Amino acid sequence: MGGNPLKLGVLVSGRGSNLQAIIDAIERGNLEAQVAVVISDKEDAFALERARKHGIEALFIDPKAYSSREEHEKVIGDELEKRGVGLICLAGYMRILSEYFVDRFRWRIINIHPALLPSFPGLHGQKQALDYGVKISGCTVHFVDEKTDHGPIIIQAAVPVLEDDNEDTLAARILEYEHKIYPRAIQLFAQGRLEIEGRRVKVRRAPAHTWAVVNPPLEG
Ligand code: GAR
């Protein structure tokens, strides 16, 4: 592939392990993109340190410095545009985006959620799955629309919920796959292979498979 790589703006609030997975995929040559800027709404987010360690510009933009959500988002949007960002990746960004921001960057914002949407949107998707008693959960990368954890789905991974799971063990099992599917979703976007048709995202030239995750297993 030639040309300029897709520029990413990653929005974070915390630990930044998904940001790290994106950076690692780029450094390994598995993702044709470049992280142009990382923006946090929390000054002490570890994600900012991770970015700086890799020579990536990292900004804290304090929501408390602005009188409305839209004003805060306008500043974020301007910083992203200044750097020519083509895709905004929410990676543990714990703020709900306004219609203004979603509309300004229509179909150029994606999010990762730690559950198989539309099940268990919102906070603590892993705990919600455990409490509900599902046998399979997982994670979802989707385009962002006006409703929380709602836009067209790009990719999902399913993992079993085991008998003695607690929130932490299930979250860790899901997180391992978050780190695989998020860079993959970005790569599909970067390659221009995603086409949104209503709620469905068509993935061009993706090999299909037909096996299932069954939990508990059919045998044994
Ligand atoms: C991840 O598990 C992500 O799926 C979740 O926050 C965590 C951030 O971890 N996001 C949401 O729950 C959004 N509704 P990270 O900072 O280590 O990437």
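The structure presented is a predicted model; accordingly, all values stated were derived computationally and were not measured.
- A pairwise comparison of heavy atoms in Gly151 and Arg199 identifies O-NH2, 3.2 Å as the closest pair.
- For the pair Asn215 (side chain) and Val161 (backbone), a donor-acceptor distance under 3.5 Å is present.
- Taking hydrophobic clusters as Ile, Leu, Val, Met, Phe, Trp and Tyr residues chained together by side-chain heavy-atom distances below 4.5 Å, Val141 does not share a cluster with Val159.
- Within the 4.5 Å cutoff, the side chain of Ile56 has no heavy atoms near those of the Val37 side chain.
- Heavy atoms of other residues, nucleotides or ligands lying less than 6.0 angstrom from CZ of Arg204 number more than 12.
- Here CG of Leu194 is found 10.5 Å from CD of Gln187. Values are rounded to the nearest 0.5 Å.
- Distance check, rounded to the nearest 0.5 Å: CG of Leu59 to CG of Asp41 gives 12.5 Å.
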Kindly determine whether Ser119 and Val134 satisfy side chain to side chain contact (heavy atoms under 4.5 Å, CB included), including the steps that lead there.
CA-CA 10 Å; Ser119 293; Val134 293; over 6 Å; no
Would Arg15 and Leu175 count as a side chain to side chain contact (heavy atoms under 4.5 Å, CB included) here? Give the steps.
CA-CA 12 Å; Arg15 166 180 72 171; Leu175 192 65; 3.7 Å; yes
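- A search for side-chain hydrogen bond (donor to acceptor under 3.5 Å, both in side chains) contacts involving Thr140 returns Gln156, not counting sequence neighbours.
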Could you go through residues 120-130 and list every donor-acceptor pair under 3.5 Å that involves a side-chain atom there, pairing it with any protein atom two or more places apart or in another chain?
unit_1 : atom_1 : unit_2 : atom_2 : d
Lys127 : NZ     : Asp131 : OD2    : 2.7
Gln128 : NE2    : Pro121 : O      : 2.8
Gln128 : NE2    : Leu123 : O      : 2.8

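- Counting only heavy atoms from C-beta outward, the side chains of Asn18 and His179 approach each other to under 4.5 Å.
- Between Ala115 and Ser137, the shortest heavy-atom distance links the atoms CA-OG, 4.1 Å.
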Show your working on side chain to side chain contact (heavy atoms under 4.5 Å, CB included) between Leu80 and Ile39 and close with a plain yes or no.
CA-CA 9 Å; Leu80 294 166; Ile39 299 177; 4.0 Å; yes
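- Closest approach of Gly9 to Val85, counting heavy atoms only: N-CG1, 3.4 Å.
- Heavy-atom minimum distance, Gly198 versus Ile196: O-CG2, 3.5 Å.
- By the 4.5 Å heavy-atom criterion applied to side chains, Arg69 and Ile96 are counted as neighbours.
- Proximity of Pro114 to Glu178: side-chain heavy atoms (C-beta onward) are separated by under 4.5 Å at one or more points.
- By the 4.5 Å heavy-atom criterion applied to side chains, Leu90 and Ile88 are counted as neighbours.
- Open room surrounds CD on Glu99; 12 or fewer heavy atoms of other groups in view lie less than 6.0 Å from it.
- Not a single side-chain hydrogen bond (donor to acceptor under 3.5 Å, both in side chains) links Glu176 to another residue, sequence neighbours left out.
- If you take CG on Asp145 and CD1 on Ile109, they are separated by 10.0 Å, rounding to the nearest 0.5 Å.
- Glu167 pairs by the salt bridge (Lys or Arg N to Asp or Glu O under 4.0 Å) definition with nothing, not counting sequence neighbours.
- Screening Ile110, Ile112, Asp149, Ile154 against His142 for a side-chain contact (heavy atoms from CB on, under 4.5 Å) leaves a single residue, Asp149.
- Smallest separation of non-hydrogen atoms from Gly138 and Leu116: N-CG, 3.7 Å.
- With sequence neighbours excluded, the residues that form a salt bridge (Lys or Arg N to Asp or Glu O under 4.0 Å) with Lys82 are Glu79.
- The closest side-chain heavy-atom distance from Ile26 to Asp24 is not below 4.5 Å.
- Ile23 and Tyr93 fall into different hydrophobic clusters, where Ile, Leu, Val, Met, Phe, Trp and Tyr side chains are chained together by heavy-atom contacts under 4.5 Å.
- At a threshold of 4.0 Å, the pair Arg83-Glu57 counts as salt-bridged, since one of the basic side-chain nitrogens sits closer than that to a carboxylate oxygen.
- Every residue two or more places apart in sequence or in another chain was checked for a side-chain hydrogen bond (donor to acceptor under 3.5 Å, both in side chains) with Asn30, and none qualifies.
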Can you check side chain to side chain contact (heavy atoms under 4.5 Å, CB included) on Ile22 and Leu8, steps first, answer last?
CA-CA 10 Å; Ile22 293 166; Leu8 308 176; 3.8 Å; yes
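- No side-chain heavy atom of Pro152 sits less than 4.5 Å from a side-chain heavy atom of Arg200.
- The two residues Phe143 and Trp107 have their closest heavy-atom pair at CE2-O, 3.5 Å.
- Listed by chain and residue number, nothing satisfies the ring-ring contact (aromatic ring centres under 6.0 Å, His included) test with Tyr177 (two or more places apart in sequence, or in another chain).
- For the atom pair Glu43 CD and Ile61 CD1, the distance stands at 12.5 Å (nearest 0.5 Å).
- Under a 4.0 Å N-O distance rule, the pair Glu81/Arg104 qualifies as a salt bridge.
- Note on Phe101 and Val75: same hydrophobic cluster, where clusters join Ile, Leu, Val, Met, Phe, Trp and Tyr whose side-chain heavy atoms are under 4.5 Å apart, directly or indirectly.
- To the nearest 0.5 angstrom, Ser40 atom OG is 4.5 Å from Leu48 atom CG.
- Put simply, SG on Cys89 and CG on Leu19 are 9.5 Å apart, with the number rounded to the nearest 0.5 Å.
- Scanning for salt bridge (Lys or Arg N to Asp or Glu O under 4.0 Å) contacts around Asp103 gives Arg106, with sequence neighbours left out.
- Every residue was checked against the salt bridge (Lys or Arg N to Asp or Glu O under 4.0 Å) condition with Arg193, not counting sequence neighbours, and none meets it.
- In terms of hydrophobic clustering, with Ile, Leu, Val, Met, Phe, Trp and Tyr side chains grouped at heavy-atom distances under 4.5 Å, Tyr100 and Val102 are assigned to a common cluster.
- Within the structure, the ring-ring contact (aromatic ring centres under 6.0 Å, His included) test picks out the following pairs touching residues 30-82 (sequence neighbours left out): Tyr66-His72.
- Under the ring-ring contact (aromatic ring centres under 6.0 Å, His included) criterion, the residue pairs touching residues 197-217 are His209-Trp211, with sequence neighbours excluded.
- Considering only residues two or more places apart in sequence or on other chains, Tyr132 meets the side-chain hydrogen bond (donor to acceptor under 3.5 Å, both in side chains) condition with none of them.
- In this structure, Glu73 contributes its side chain and Ser98 its backbone to a donor-acceptor pair below 3.5 Å.
- Proximity of Leu11 to Ile76: side-chain heavy atoms (C-beta onward) are separated by under 4.5 Å at one or more points.
- Note on Val203: it clusters hydrophobically with Ile186, by side-chain heavy-atom contacts below 4.5 Å among ILVMFWY residues.
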